Amino acid sequence: MKRILLSVGVASALILAGCGGGGDTKEAESKKAEDAKSAAAPATAVDDANAATLTGKVSFAGEKPAMKNIDMSANPACARAHTGGPQKSEEVVVNDNGTVRYAFVWVKAGVPDRQWPAAAAPVELDQEGCIYKPHVIGVMTNQDIKIVNSDPTNHNIHPLPKANQEWNESQPPKGDSKLKRFAREEIMIPVKCNVHPWMRSYIGVVGHPFFAVTGADGSFNIKGLPPGKYTLQVWHEKLGTKDVEVEVGAKESKTVDFELKS
Ligand SMILES: [Cu+2]
């Protein structure tokens, strides 16, 4: 039964890969190579019955930094979106419970080399009030990112990857959304906007589904891991990275807490 379900998952992932949006020739070639690699890899069934879980939180140590105001006065269409006062920079967001928001937690090493099925739904990255929402996202390799412009103004999305193909496209006010994907694992890809210098987001691209972005409670929950030894990493744009070695047995749930300092 489980095997049947997985086959369906893989099939739909392949269908999705087949009907992805255009892109230039280089991108198409690299996608072809990745698809070939995926097809060659054995599609091992995810053993849900024995899967382990890693949960925890990312705490902030030290004095809580003041959040900087973003000056949008040069762009009235952006400034008008913030009637309740200036937008705060999301570089370092410390939650009320002393945890860190927008930390990226992922299994850096130890995950078996398999064809992991990506979630069929794209991950959305919106531009609203002239900031990227959310500030940090995670996707699997070749999973769609749906880029939306909810603003009544132009944006120009410009990811700056090192391992993936760079691109740079404008999006008109409330224009059609764009579907984009990255073929290779990369932690992290900064995204800027060529129109608004303060706009910044980060995309984590991982070759497996074992990653999470911390939210308003600073916690993460990574499910479905095969039993094994792993390196779990937390990444934060200003507070750096930390690695922890962790071993999980079948059906085990382990807590790993991180602490980041400014
Ligand atoms: Cu912009």
Side-chain angles (χ1 to χ4, degrees), residues 20-24 26-27 65-95 100-104 121-206 211-216 235-239:
D24 61 31
K26 232 181 190 177
E27 200 173 75
M67 291 169 79
K68 293 178 219 154
N69 289 334
I70 298 176
D71 180 6
M72 296 188 183
S73 55
N75 297 79
C78 296
R80 270 198 298 274
H82 301 277
T83 50
Q87 169 70 38
K88 303 281 184 191
S89 161
E90 294 183 316
E91 272 183 353
V92 180
V93 182
V94 178
N95 295 315
V100 179
R101 191 166 184 174
Y102 303 127
F104 190 74
V123 175
E124 194 169 300
L125 179 61
D126 195 3
Q127 299 157 103
E128 193 191 344
C130 298
I131 61 161
Y132 282 114
K133 282 187 184 175
H135 186 59
V136 174
I137 60 169
V139 285
M140 272 184 66
T141 45
N142 290 319
Q143 183 179 1
D144 281 327
I145 303 165
K146 184 181 176 187
I147 300 168
V148 179
N149 181 3
S150 298
D151 281 330
T153 191
N154 271 304
H155 289 292
N156 191 103
I157 309 109
H158 188 177
L160 301 159
K162 292 198 169 90
N164 285 285
Q165 184 79 29
E166 183 176 340
W167 54 270
N168 173 12
E169 287 179 24
S170 64
Q171 198 172 23
K174 299 182 192 285
D176 291 342
S177 60
K178 294 173 183 287
L179 285 182
K180 294 287 182 182
R181 44 172 68 182
F182 294 102
R184 294 181 188 85
E185 191 164 272
E186 187 163 356
I187 310 295
M188 302 284 286
I189 301 176
V191 184
K192 65 175 190 172
C193 168
N194 287 4
V195 184
H196 309 106
W198 61 80
M199 287 180 69
R200 185 72 49 153
S201 75
Y202 292 87
I203 301 174
V205 186
V206 184
F211 57 84
V213 179
T214 58
W235 172 99
H236 186 277
E237 64 187 280
K238 291 288 169 195
L239 307 176

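In each ligand, atom 1 is the first atom listed, and ligand 1 is the first ligand listed. Quick note: numbers below take in every heavy atom, side chains included, and nothing from hydrogens, waters or symmetry partners. Computed from a predicted structure; not experimentally measured.
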Here the pair of heavy atoms bringing Val92 nearest to Lys238 is CG2-CB, 3.7 Å
Any salt bridge between Arg200 and Glu237, counting N to O under 4.0 Å?
-> no
Identify which one of Asn164, Asp144, Thr141 satisfies the side chain to side chain donor-acceptor pair (under 3.5 Å) criterion when paired with Arg181.
-> Asp144
Please work out which of the three classes, parallel, tilted or perpendicular, describes the rings of His155 and His196, given edges at 30° and 60°.
-> perpendicular
Taking the inter-plane angle between the rings of Phe211 and Phe104 on a 0 to 90° scale, is it parallel (under 30°), tilted (30 to 60°) or perpendicular (over 60°)?
-> parallel
Can you check whether Cys78 and Cys130 have SGs under 2.5 Å apart?
-> yes
Protein N, O or S within less than 2.8 Å of the Cu ion (ligand 1), waters excluded = His155 ND1, Cys193 SG, His196 ND1, Met199 SD
